[in-house]
Chemist: 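Below is one structure. I have some questions about it.
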Amino acid sequence: MASRPSYYLTTAITYPNGEPHIGHAYEYISADVMARFKRLDGFDVRFLTGTDEHGQKVQQTAEREGLTPYELATRNAQAIKRVDDEVLGISYDRFIRTTDKDHYRASQSIWQRMLDAGDIYLDKYSGWYSVRDERFFADDETEVREDGARYAVETGTPVTWTEEESYFFRLSAYQEKLLELYRTQPEFAAPASRFNEVIRFVEGGLEDLSISRTTFDWGVPVPKELTAGDTDLNHVMYVWVDALTNYLTGAGFPETDSEEFTKRWPADLHIIGKDISRFHCIFWPAFLMSAGLELPKRVMIHGFLHNAGEKMSKSVGNVVAPAAWTETYGLDTVRFFLLREFPYGQDGSYTHEAVVGRKNSDLANNLGNLAQRSLSMIVKNCEGAIPEPGELHPEDNKILEQAESLLSISRDAYQGQQFHRALERTWYVLGEANAYFADQAPWKLKKTDETRMRTVLYVTAEVLRKVSLLIQAVMPTSATKLLDALGVEAGGDAGATNASNTGPRSLAAFGDSLTPGSPISKPEPIFPRHEEPQDAS
RNA sequence: GGGGGGUUAGCUCAGUUGGUUAGAGCAGAGGACUCAUAAUCCUUUUGUCGCGGGUUCAAGUCCCGCACCCCCUACCA
């Protein structure tokens, strides 16, 4: 049996310092949809997500709460994993934690490789440090006030000149190589506007990067045998070295000769938020070049969600928990809304009215009602089974061809993570199908031409089958119900695992057709209209 | 300060290398139909294309200026 092509994708790993909100859910859901689509399309998918658990903040928070850093990280990682599992239906293959044993090995291995390449050296990191902000400021970010003391302009906190021993990565040596990468692989990062920001940044020159810390110890230790002779201090890796390396760990690194690593690396897709584009588009490829490893094929940078145009923030009190949304609208509606409403890569603004609009208009009316009316007629007028179609008329072929075209349109759109485009085109065809149904008026044909009625009902159901196959990735539960209602033989798991690679519900079956005679039950509405909760009084 | 992007119907946005009457979805209005989840179909109103100049036979689409908005300008993640 021929092996199926690999598709390895990742989300960013989450810093577990709070409850995940709808913005996190946006990233997980979009990656999940991508993973499911690829599985349904026959790829041997590996989908990695997880938590980034090291760093000073976790250590300090743990101390405040009287826990060890690992205990705190475990508690918060479990909370995030629970949202993935129980709220969002995320089909990851591994939930990686940067505290996992194999990840320590991977991080120390990439460090060794960068060291061997001559790109790591010991020096002093110095700058204006604000204790209150826990961060350094550049010279021009500080000002000397009338009292003679120096303050950070941005935050107004006092800063002191601080020097700290640190290992550095020779990032400056990679400016040209990175620009060459950007020139030769214009699809390396998207959307173009974000990618251009990265390119301009690199063109402006790169400084070497401090990649270790000695002021706290909650991190992957730089192996003592690698620091012997340099220093007596204990160095832990700067969190980004460790965090980015999770993508390698998830592929089996450092076992570079293993079957797993050979198959999975380089990654096909990193999905990230716009706040960390620099780390993924500049530092990460530079680290990999230094370590002599292949570069990921694509970094897709998604935008942020805003609540009615307002940035979500705790102080404003407009942060939405994923569970609050899925309880109010239903998981599949939330998944559909997030991918249909906003061009992926741009920021998006949501309102209750917008979600309800999509739910009612696109799901309940255009899709749900079309299924309900056509399946109802089949049950009542075709002996409860998919009818045998008669000769196809030009109108039948036209709508069938439009549905047929959705596979290549969707594949192209997904290839560039243009989820909204795939859905937009799919709903355009559903609009055409509704027009076709009204135009053919099978309820009239029932009295005049039963063969023709059966043909129209068959064609409509077949369009629905094709659409259902494609939207399994976005709305796995609802699409499964719809395929059940259409009498499509069970198979796969709506893209949740590689069991969906083949079978009557995989995209390999897209070009097939409904089997006349398949029994159909009296349909139940699959996409109900939104009901506002009644005031309990 | 420097760099980049935006400003098109009530709302959200499309508008290729400048070329006949500027488009879509939603919302609004009218009509049709009754298979269906008060769903669906058809028809339809509104636009100084931010403002002011310029180039051109011809500009939303190029050039200059102005106004407003947004993003980026490295080591908390």
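We name chains A, B, ... by the order of the sequence lines, and we start the count at 1 in each one.
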Chemist: Quick test: give all pairs of protein nitrogen or oxygen and nucleotides 38-43 of chain B nitrogen or oxygen below 3.5 Å, distance rounded to 0.1 Å.
Modeler:
from, atom 1, to, atom 2, distance (Å)
A39(B), OP1, Arg529(A), NE, 3.4
A39(B), OP1, Arg529(A), NH1, 3.4
A39(B), OP1, Arg529(A), NH2, 3.1
A39(B), O5', Arg529(A), NH1, 3.4
A39(B), O2', Asn369(A), OD1, 3.4
A39(B), O2', Asn369(A), ND2, 2.5
U40(B), OP1, Asn366(A), OD1, 3.4
U40(B), O2', Arg373(A), NH1, 3.3

Chemist: Please give the distance between the P atoms of G4(B) and C41(B) as a whole number of Å.
Modeler: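 Their P atoms lie roughly 46 Å apart.
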Chemist: What does Gly368(A) touch in the nucleic acid at a heavy-atom separation under 4.0 angstrom: a base, only the sugar-phosphate, or nothing?
Modeler: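 It contacts base atoms.
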Chemist: When the P atoms of G6(B) and G10(B) are compared, how many Å lie between them, rounded to an integer?
Modeler: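 Approximately 22 Å lies between the P atom of G10(B) and that of G6(B).
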Chemist: Once you apply a heavy-atom cut-off of 4.0 Å, does Ser210(A) come out as touching a base, just sugar-phosphate, or nothing?
Modeler: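 Counting heavy atoms under 4.0 Å across all strands, the contact made by Ser210(A) includes a base.
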Chemist: Report which part of the nucleic acid Tyr428(A) touches: base, sugar-phosphate, or nothing (heavy-atom distance under 4.0 Å, all strands).
Modeler: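 Since no nucleic acid heavy atom lies under 4.0 Å of Tyr428(A), the category is nothing.
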Chemist: How far does the C1' atom of U34(B) sit from the matching atom of G60(B), given to the nearest Å?
Modeler: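 After rounding to an integer number of Å, I get 44 Å for this pair.
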Chemist: Which residues pass the ring pair (Phe, Tyr, Trp, His ring centres under 6.0 Å) test with Tyr125(A), sequence neighbours left out?
Modeler: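 In terms of ring pair (Phe, Tyr, Trp, His ring centres under 6.0 Å), with neighbours along the sequence ignored, Tyr125(A) is linked to Phe136(A).
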Chemist: Classify Lys446(A) by what it touches in the nucleic acid, base, sugar-phosphate, or nothing, heavy-atom distance under 4.0 Å.
Modeler: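 No contact.
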Chemist: Could you measure between the two P atoms, the one in G52(B) and the one in A67(B), and give it in whole Å?
Modeler: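 Straight-line distance between the two P atoms is 15 Å.
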Chemist: Scan residues 189-218 of chain A for pairs that pass ring-ring contact (aromatic ring centres under 6.0 Å, His included), counting only residues two or more places apart or in two chains.
Modeler: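 Pairs touching residues 189-218 of chain A that pass the test: His54(A)-Trp218(A), Tyr182(A)-Phe195(A).
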Chemist: Mind calculating the distance between CG (Asp242(A)) and P (C76(B)) to the nearest angstrom?
Modeler: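 Going from CG in Asp242(A) over to P in C76(B) covers 16 Å.
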Chemist: Check every strand shown and say whether Phe279(A) touches a base, only sugar-phosphate, or nothing at a heavy-atom separation below 4.0 Å.
Modeler: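 Since no nucleic acid heavy atom lies under 4.0 Å of Phe279(A), the category is nothing.
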Chemist: Taking atom types as modelled and ignoring hydrogens, do the side chains of Asp208(A) and Ser172(A) form a donor-acceptor contact shorter than 3.5 angstrom?
Modeler: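 Short answer, yes.
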Chemist: Find the distance Glu424(A):CD to C26(B):P and express it as a whole number of Å.
Modeler: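 Rounding to the nearest Å, CD of Glu424(A) and P of C26(B) are 12 Å apart.
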Chemist: Sequence neighbours left out, what pairs pass ring-ring contact (aromatic ring centres under 6.0 Å, His included) with at least one residue falling in residues 346-385 of chain A?
Modeler: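 Qualifying pairs, neighbours excluded: Trp325(A)-Tyr350(A), Tyr329(A)-His352(A), His352(A)-His530(A).
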Chemist: With respect to the side chain of Trp443(A), which nucleotide from C75(B), U37(B), C35(B) is positioned closest?
Modeler: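 Side chain of Trp443(A) sits closest to C35(B).
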Chemist: Among C76(B), A77(B), A74(B), find the nucleotide with the atom closest to the side chain of Phe283(A).
Modeler: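 Nearest to the side-chain atoms of Phe283(A), counting from C-beta on, is A74(B).
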Chemist: Without decimals, in angstroms, what is the distance between Glu203(A) CD and U73(B) C1'?
Modeler: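 Result: 14 Å.
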Chemist: Between P on C75(B) and CD on Gln56(A), what's the gap in Å once rounded to a whole number?
Modeler: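 So the two atoms are 15 Å apart, to the nearest Å.
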Chemist: Please report the distance separating the C1' of U46(B) from the corresponding atom of G23(B), rounded so that it comes out in whole Å.
Modeler: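 To the nearest whole Å, 14 Å.
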Chemist: Send over the distance from Leu209(A) CG to C76(B) P, rounded to a whole Å.
Modeler: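 Checked: the CG to P distance equals 10 Å.
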Chemist: According to side chain to side chain contact (heavy atoms under 4.5 Å, CB included), who are the partners of Thr61(A), at least two apart in sequence or on a separate chain?
Modeler: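 Partners of Thr61(A) by the side chain to side chain contact (heavy atoms under 4.5 Å, CB included) criterion, ordered by chain and then number, come out as Arg64(A), Glu65(A), Leu72(A).
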Chemist: Under 6.0 Å between ring centres, would you say that holds for His270(A) and Tyr247(A)?
Modeler: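 Yes - the distance between ring centres of His270(A) and Tyr247(A) falls below the 6.0 Å cut-off.
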Chemist: Report each atom pair, protein N/O against N/O of nucleotides 7-13 of chain B, whose distance is under 3.5 angstrom.
Modeler:
none

Chemist: Glu207(A) side chain: which of C75(B), U34(B), A36(B) is closest?
Modeler: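 For Glu207(A), the side-chain atoms sit closest to C75(B).
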Chemist: Please tell me which of Val239(A) and Gly205(A) maps to the more 5' nucleotide of RNA chain B, matching each residue to the nucleotide holding its nearest heavy atom.
Modeler: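 The answer here is Gly205(A).
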Chemist: Could you give the distance separating C57(B) and U20(B) at their C1' atoms, to the nearest angstrom?
Modeler: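 Result for the C1' pair: 14 Å, nearest Å.
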Chemist: Nearest whole Å is fine: how far is C33(B) P from Lys444(A) NZ?
Modeler: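 Interatomic distance, NZ of Lys444(A) to P of C33(B): 7 Å.
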Chemist: Just checking Ile211(A): base, sugar-phosphate only, or nothing, at a heavy-atom cut-off of under 4.0 Å?
Modeler: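 Nothing, no heavy atom under 4.0 Å.
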Chemist: So, Thr460(A) and Ser374(A): side-chain donor and acceptor under 3.5 Å apart, yes or no?
Modeler: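 No, no side-chain donor-acceptor pair sits under 3.5 Å.
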Chemist: Salt-bridged, Glu395(A) to Lys398(A), with N to O below 4.0 Å?
Modeler: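 No.
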Chemist: Toss me the dot-bracket line for RNA chain B: Watson-Crick and G-U wobble, both under 3.5 Å, 5' to 3', using | for pairs to another strand and [ ] for crossers.
Modeler: (((((((..((((.....[...)))).(((((.......))))).....(((((..]....))))))))))))....
Chemist: Does atom CZ (Arg421(A)) have a neighbourhood of more than 12 heavy atoms from anything else shown, all under 6.0 Å?
Modeler: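 Counting other residues, nucleotides and ligands, CZ of Arg421(A) stays at 12 neighbours or fewer.
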Chemist: Between Ser30(A) and Glu27(A) (side chain of the first, backbone of the second, donor and acceptor by atom type, cut-off under 3.5 Å), is there such a pair?
Modeler: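 Such a contact is found between Ser30(A) side chain and Glu27(A) backbone.
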Chemist: Is the shortest side-chain N to carboxylate O distance from Lys274(A) to Asp347(A) below 4.0 Å?
Modeler: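 A salt bridge links Lys274(A) with Asp347(A).
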Chemist: Determine the interatomic distance between C1' on C49(B) and the same-named atom on G15(B); round to the nearest Å.
Modeler: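 My reading of the C1' atoms in C49(B) and G15(B) gives 10 Å.
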Chemist: Whole Å only: how far is the OH atom of Tyr350(A) from the P atom of C26(B)?
Modeler: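 In whole Å, C26(B) P lies 24 Å from Tyr350(A) OH.
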Chemist: Report the residues that fulfil side chain to side chain contact (heavy atoms under 4.5 Å, CB included) with Pro20(A), sequence neighbours left out, ordered by chain and then residue number.
Modeler: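 Result, side chain to side chain contact (heavy atoms under 4.5 Å, CB included) vs Pro20(A): His24(A), Ile80(A), Val83(A).
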Chemist: If you assign each of Ile276(A) and Asn196(A) to its closest nucleotide in RNA chain B, which residue comes earlier from the 5' end?
Modeler: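 Final value for this comparison: Asn196(A).
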Chemist: Check this for me, if you would: do Glu165(A) and Lys124(A) make a salt bridge, where the nitrogen-to-carboxylate-oxygen distance has to be below 4.0 angstrom?
Modeler: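 Looking at Glu165(A) and Lys124(A), the cut-off is not met.
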Chemist: Does A36(B) have OP1 or OP2 under 4.0 Å away from a side-chain N or O of Lys380(A)?
Modeler: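 For Lys380(A), the contact criterion (side-chain N or O under 4.0 Å from OP1 or OP2 of A36(B)) is met.
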Chemist: Tell me what Leu375(A) touches on the nucleic acid: a base, only sugar-phosphate, or nothing, going by heavy atoms under 4.0 Å.
Modeler: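 Touches nothing.
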Chemist: Figure out the CG/C1' separation between Leu244(A) and C75(B), and round it to whole Å.
Modeler: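 Result: 12 Å.
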Chemist: Expressed in whole Å, how much space separates the C1' atoms belonging to A22(B) and A59(B)?
Modeler: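 My reading of the C1' atoms in A22(B) and A59(B) gives 12 Å.
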Chemist: Strictly under 3.5 Å: I want the nitrogen or oxygen pairs between protein and nucleotides 69-72 of chain B, one per line.
Modeler:
from, atom 1, to, atom 2, distance (Å)
C71(B), O2', Arg194(A), NH1, 3.2
C71(B), O2', Glu197(A), OE2, 2.7

Chemist: Side-chain donor-acceptor contacts of residues 186-194 of chain A below 3.5 Å, not counting sequence neighbours, with atom names and distances?
Modeler:
from, atom 1, to, atom 2, distance (Å)
Glu187(A), OE1, Arg298(A), NH1, 3.3
Arg194(A), NH1, Glu197(A), OE1, 3.2

Chemist: Can you name the residues that form a ring pair (Phe, Tyr, Trp, His ring centres under 6.0 Å) with Phe336(A), not counting sequence neighbours?
Modeler: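 Phe336(A): ring pair (Phe, Tyr, Trp, His ring centres under 6.0 Å) contacts with Trp427(A).
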Chemist: Side chains of Gln440(A) and Arg452(A): donor-acceptor distance under 3.5 Å anywhere?
Modeler: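 Indeed, the side chains of Gln440(A) and Arg452(A) share at least one donor-acceptor pair under 3.5 Å.
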Chemist: Of all residues at least two apart in sequence or in a different chain, which pass the ring pair (Phe, Tyr, Trp, His ring centres under 6.0 Å) check with Tyr167(A)?
Modeler: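 Only Trp111(A), His235(A) meet the ring pair (Phe, Tyr, Trp, His ring centres under 6.0 Å) criterion with Tyr167(A).
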Chemist: Considering every strand and a 4.0 Å limit on heavy-atom distances, what is the contact class for Asp52(A): base, sugar-phosphate, or nothing?
Modeler: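 Sugar-phosphate, backbone atoms only, no base.
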